[in-house]
4 protein chains.
Amino acid sequence: MARPLKVEDHSARRQAILEAAKACFARKGFHPTTTAEICSEAGISTGNLFHYFRSKKAIIAAIVEQQGEEAKRHLAGLADEADLYEALHGFFDLVLAMASERDFANLALEVAAEASRDPDIGALVRHNDALVREGLTVLAAAAIERRQIGPGLDATQVALGIAAMIDGLFARVAIDPNFSVQGQRNTFVLMLERFLQPKASRVLFETPLCDEAH
Amino acid sequence: MARPLKVEDHSARRQAILEAAKACFARKGFHPTTTAEICSEAGISTGNLFHYFRSKKAIIAAIVEQQGEEAKRHLAGLADEADLYEALHGFFDLVLAMASERDFANLALEVAAEASRDPDIGALVRHNDALVREGLTVLAAAAIERRQIGPGLDATQVALGIAAMIDGLFARVAIDPNFSVQGQRNTFVLMLERFLQPKASRVLFETPLCDEAH
Amino acid sequence: MARPLKVEDHSARRQAILEAAKACFARKGFHPTTTAEICSEAGISTGNLFHYFRSKKAIIAAIVEQQGEEAKRHLAGLADEADLYEALHGFFDLVLAMASERDFANLALEVAAEASRDPDIGALVRHNDALVREGLTVLAAAAIERRQIGPGLDATQVALGIAAMIDGLFARVAIDPNFSVQGQRNTFVLMLERFLQPKASRVLFETPLCDEAH
Amino acid sequence: MARPLKVEDHSARRQAILEAAKACFARKGFHPTTTAEICSEAGISTGNLFHYFRSKKAIIAAIVEQQGEEAKRHLAGLADEADLYEALHGFFDLVLAMASERDFANLALEVAAEASRDPDIGALVRHNDALVREGLTVLAAAAIERRQIGPGLDATQVALGIAAMIDGLFARVAIDPNFSVQGQRNTFVLMLERFLQPKASRVLFETPLCDEAH
DNA sequence: TATGAATGAGGATTCATTCAT
DNA sequence: GATGAATGAATCCTCATTCAT
């Protein structure tokens with residue numbers, strides 16, 4: 001173990017440490033997790049961690065940054081959809097899938113908590129958050145223009161509402177261990193659809209919005 | 001320096017410590033806050049705190065318990081409303097008011113994070129959460145029976161949806177320092193109303209759900 | 001051990017820690033000495049030290065500051081002498097006495113070394129050094145004016161020379177374990193007297209400066 | 001990557017490491033300097049250092065040994081002088097020149113400090129010191145015998161006095177950043193000449209020792 | 001009860017040294 | 001020989017908690 005690690009190897013090791021840290025943070029939270037635990041989870045020695053990350057805080061920063069990259073990637077993939085309501089719906093589905101992993105939800109909560117106390121982490125998280133909301137806003141604006149979602153909301157409100165639903169979803173997973181994303185998927189999808197009121201909701205058939213009005 | 005404090009004095013001091021702790025936790029989080037900081041904020045000596053709370057953890061437990069009491073009180077007040085949709089709406093309004101205090105939202109986030117790592121705190125938080133959802137479920141069930149909210153949702157789904165919206169709201173406050181509860185109140189109310197589809201939504205007048213259908 | 005320590009007690013404890021630290025630093029140097037060693041030497045627990053000193057560095061800073069106070073006190077006592085050459089001589093004698101304690105000399109060396117790497121300590125040491133040289137300069141100037149020391153030197157030179165002799169003396173003690181201050185006292189006194197050329201040197205009788213001139 | 005280096009290459013690299021280490025030690029001191037810093041300064045990898053020196057301590061040992069060699073060489077060159085007072089004076093001049101490099105003085109201080117805590121380094125330093133004092137003693141003895149320096153001092157005292165002056169000089173450089181060896185050269189030369197009282201001091205003409213006696 | 005000094009386990013981080021390549 | 005990743009003991013400092021007064 002001496003020749004300079006090939007770049008892939010270095011990244012792979014770094015990523016392995018990040019995965020170990022994510023597991024630990026999801027389990028115990030950022031502050032209560034010791035660097036020794038992360039090292040042990042990653043199968044490396046206590047000192048070696050610091051070849052890959054300047055500090056414990058740098059680990060959480062890297063995690064947040066990766067989450068940002070991932071979010072960017074996901075959003076980028078949606079812009080090409082013809083039906084932008086479907087695009088928003090697709091994003092929401094994606095998030096529902098991610099939220100089904102309890103570790104992922106716990107980590108999200110932990111990151112949010114850390115963001116509210118450490119200004120540097122806070123800046124990163126807010127950056128990601130702004131990124132997602134901007135992405136959603138762009139989609140929403142186009143959807144509104146094409147009348148693919150109902151009236152009564154401007155693009156910013158749509159983005160905010162979806163963001164809040166997503167946060168709420170993660171919170172439910174993190175707080176309630178009996179909560180099952182799959183079991184409650186319909187409730188959240190319904191909440192989204194009723195909020196956005198697309199011309200033709202997938203759920204509409206079962207729950208017509210205006211049936212009683214007749 | 002030996003006279004037993006009168007009960008009120010004892011409770012008052014205890015409550016003062018709780019308030020101090022809440023302020024600190026909202027500011028820095030549970031783990032990074034030291035007991036010394038809490039004592040300093042409460043204007044007592046470091047040792048004295050432990051006459052009122054067995055441990056640091058007992059403080060957060062007491063905070064969570066008080067939040068539970070408060071939630072119970074709020075919910076109890078709603079059962080008498082004639083229009084149960086209005087009752088649900090009123091609860092939501094109450095929460096919106098609480099969420100406008102950033103400290104309160106930060107504390108909620110912190111409590112949630114701690115709950116996800118400490119099983120004892122977790123149990124208390126889940127207890128509170130169950131309490132609130134049960135309260136909401138009862139209200140929702142009655143509202144559904146009286147057809148005060150629209151069809152397509154069962155009582156549990158209503159409760160879950162409202163809980164998620166509330167969590168989402170708190171998350172927005174905690175994450176985004178530019179977020180203004182008052183400024184975005186409409187978006188959240190709209191989300192609630194579209195979700196519940198009451199016969200006559202307060203917002204409906206301005207943004208009729210089915211206007212285009214005619 | 002709980003009532004606030006009386007101020008004397010606090011100072012006494014603080015001083016005890018300083019003495020312990022001085023002993024350790026003299027023995028092993030500043031960096032190689034662990035705070036645990038200091039605590040053990042002082043008979044306190046590892047954490048308690050930090051009630052008295054913010055950091056390890058603060059300990060050395062306090063030591064240097066005390067040395068400054070002491071120097072000031074010594075110099076102040078000399079200004080009243082009628083014969084200012086005697087005053088300078090007296091100061092030198094004082095230093096000779098201090099230098100006979102090997103620990104003292106080792107500590108001085110250690111402080112000087114630390115000063116050359118830590119700018120904060122450096123500033124303190126230079127402040128003390130300036131203090132001493134100023135004190136010596138004032139004495140020297142008066143002595144020169146009264147012709148109590150010989151011509152050929154200005155006051156600054158006198159001060160510098162004495163300071164260098166003192167440093168050299170300490171260095172000798174610290175470096176050479178066979179060196180005995182008492183045994184070599186005469187050499188140093190002679191060096192001083194020949195340097196200052198007072199009208200009547202105490203050593204002159206045995207070692208007339210100009211005997212060969214006759 | 002396996003060919004044995006030619007001897008010169010090996011020594012050259014070794015010497016390069018020593019120079020790098022000296023620069024680092026002068027800057028930061030022995031303990032605070034990391035082997036990684038030395039390697040970086042020397043332009044080699046962290047592991048490679050240990051092919052040339054068994055340990056970090058071995059580096060300082062080598063530095064001290066080289067200083068000893070150098071001192072020996074300098075002293076050897078002086079024995080041939082006809083006027084042994086001039087020889088002593090020349091040695092002092094040499095030292096004045098070396099002391100003008102602040103790095104050199106810092107290193108000397110650092111070495112002295114390390115010697116006082118590490119017995120092995122201490123032994124080496126004391127060996128060098130003895131060497132120099134012996135060299136000086138021999139010169140002084142011859143000078144006394146030839147009456148090239150004044151009476152009142154035996155050879156050992158002369159050696160000790162010169163050694164102390166040199167130490168004092170180095171200490172002045174290391175402690176006082178405003179101190180200029182060139183600016184204060186005269187003071188130190190005067191101290192030496194008055195101490196040794198040669199028949200014809202270079203400085204004597206300007207500052208006759210016995211002018212007042214007439 | 002109130003005080004705050006004392007305790008000491010624990011945690012992040014550093015760094016000399018090793019060793020596989 | 002050269003490399004630099006890996007090791008893990010060691011260090012400074014923090015902090016919840018105790019307890020003598």
Side-chain angles (χ1 to χ4, degrees), chain A residues 1-5 9-10 13 31-39 43-59, chain B residues 1-6 9-10 13 31-40 43-59, chain C residues 1-5 9-10 13 31-39 43-59, chain D residues 1-6 9-10 13 31-40 43-59:
Chain A
M1 289 125 186
R3 295 270 93 200
L5 284 187
D9 287 358
H10 183 87
R13 181 77 52 122
H31 281 280
T33 294
T34 68
T35 53
E37 281 167 332
I38 299 171
C39 292
I44 60 172
S45 67
T46 61
N48 197 15
L49 185 153
F50 293 89
H51 282 286
Y52 294 90
F53 297 95
R54 202 193 309 278
S55 67
K56 191 182 170 188
K57 178 170 155 179
I59 298 177
Chain B
M1 291 154 182
R3 222 148 296 275
L5 282 187
K6 272 175 286 176
D9 285 359
H10 184 89
R13 175 82 47 125
H31 281 279
T33 295
T34 67
T35 52
E37 280 168 332
I38 298 170
C39 293
S40 156
I44 61 170
S45 67
T46 63
N48 199 12
L49 184 151
F50 293 88
H51 284 292
Y52 295 89
F53 296 95
R54 197 195 306 280
S55 68
K56 192 184 173 188
K57 179 169 153 179
I59 298 176
Chain C
M1 290 128 183
R3 295 270 94 200
L5 283 188
D9 287 357
H10 184 87
R13 180 76 53 121
H31 282 280
T33 294
T34 68
T35 52
E37 280 167 333
I38 298 171
C39 292
I44 62 171
S45 66
T46 61
N48 198 15
L49 185 152
F50 294 89
H51 282 287
Y52 294 91
F53 297 95
R54 201 192 307 279
S55 67
K56 192 182 170 189
K57 179 171 155 178
I59 298 176
Chain D
M1 293 151 176
R3 223 147 295 274
L5 281 187
K6 271 175 286 178
D9 286 358
H10 184 88
R13 175 81 51 121
H31 280 280
T33 295
T34 68
T35 52
E37 280 168 332
I38 298 171
C39 293
S40 155
I44 61 171
S45 67
T46 62
N48 199 13
L49 185 151
F50 293 88
H51 284 293
Y52 294 89
F53 297 95
R54 198 192 308 279
S55 69
K56 191 183 172 188
K57 180 171 153 179
I59 298 176

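Each chain gets a letter, A, B and so on, in the order its sequence line appears, and its residues count up from 1. The shown structure was predicted, so the numbers you read here are calculated from the model rather than taken from an experiment. Note that these values count all heavy atoms, side chains included, but never hydrogens, waters or copies made by symmetry.
D:Ser40 pairs by the side-chain contact (heavy atoms from CB on, under 4.5 Å) definition with nothing, not counting sequence neighbours.
Taken to the nearest 0.5 Å, the CZ atom of B:Arg13 stands 8.0 Å off from the CG atom of B:Asp9.
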Sugar-phosphate means primed atoms, P, OP1 and OP2; the rest is base. With that split, encode nucleotides 10-16 of chain E 5' to 3' as B, S or - using protein heavy atoms under 4.0 Å. -SSBBSB
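Between C:Lys56 and C:Thr33, the shortest heavy-atom distance links the atoms NZ-O, 2.7 Å. Annotation for B:Ser45 and B:Cys39: closest pair O-SG, 3.5 Å, computed over non-hydrogen atoms. Shortest non-hydrogen contact noted between B:His51 and B:His10 is O-CE1, 4.4 Å. Taking both residues in full, the closest heavy atoms of A:Glu37 and A:Pro32 are given as OE1-O, 3.9 Å, listed atom of the first, atom of the second, then distance.
Between E:dA6 and C:Tyr52, a contact under 4.0 Å exists linking OP1 or OP2 to a side-chain N or O. Distances shorter than 4.0 Å separate some side-chain N or O of B:Arg13 from OP1 or OP2 on E:dA2. Proximity of D:His10 to the phosphate of F:dG1: a side-chain N or O atom is located under 4.0 Å from OP1 or OP2.
Distance, A:Leu49 CG to F:dA9 C1': 17 Å, rounded to whole Å. In this structure, the CZ atom of D:Phe53 is 12 Å from the P atom of F:dG1, given to the nearest Å. Rounded to whole angstrom, the span from the CD1 atom of C:Ile38 across to the P atom of F:dT11 amounts to 12 Å. Here F:dC15 presents its P atom at 7 Å from CD of B:Glu37, a figure rounded to the nearest Å.
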Given Watson-Crick or G-U pairs with both distances under 3.5 Å, what dot-bracket string fits DNA chain F, with | for other-strand pairs and [ ] for crossing? .||||||||||||||||||||
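The shortest distance between side-chain heavy atoms of C:Phe50 and C:Thr35 falls below 4.5 Å. Taking 4.5 Å as the limit, every side-chain heavy atom of C:Ile38 sits out of range of all side-chain heavy atoms of C:Ile44.
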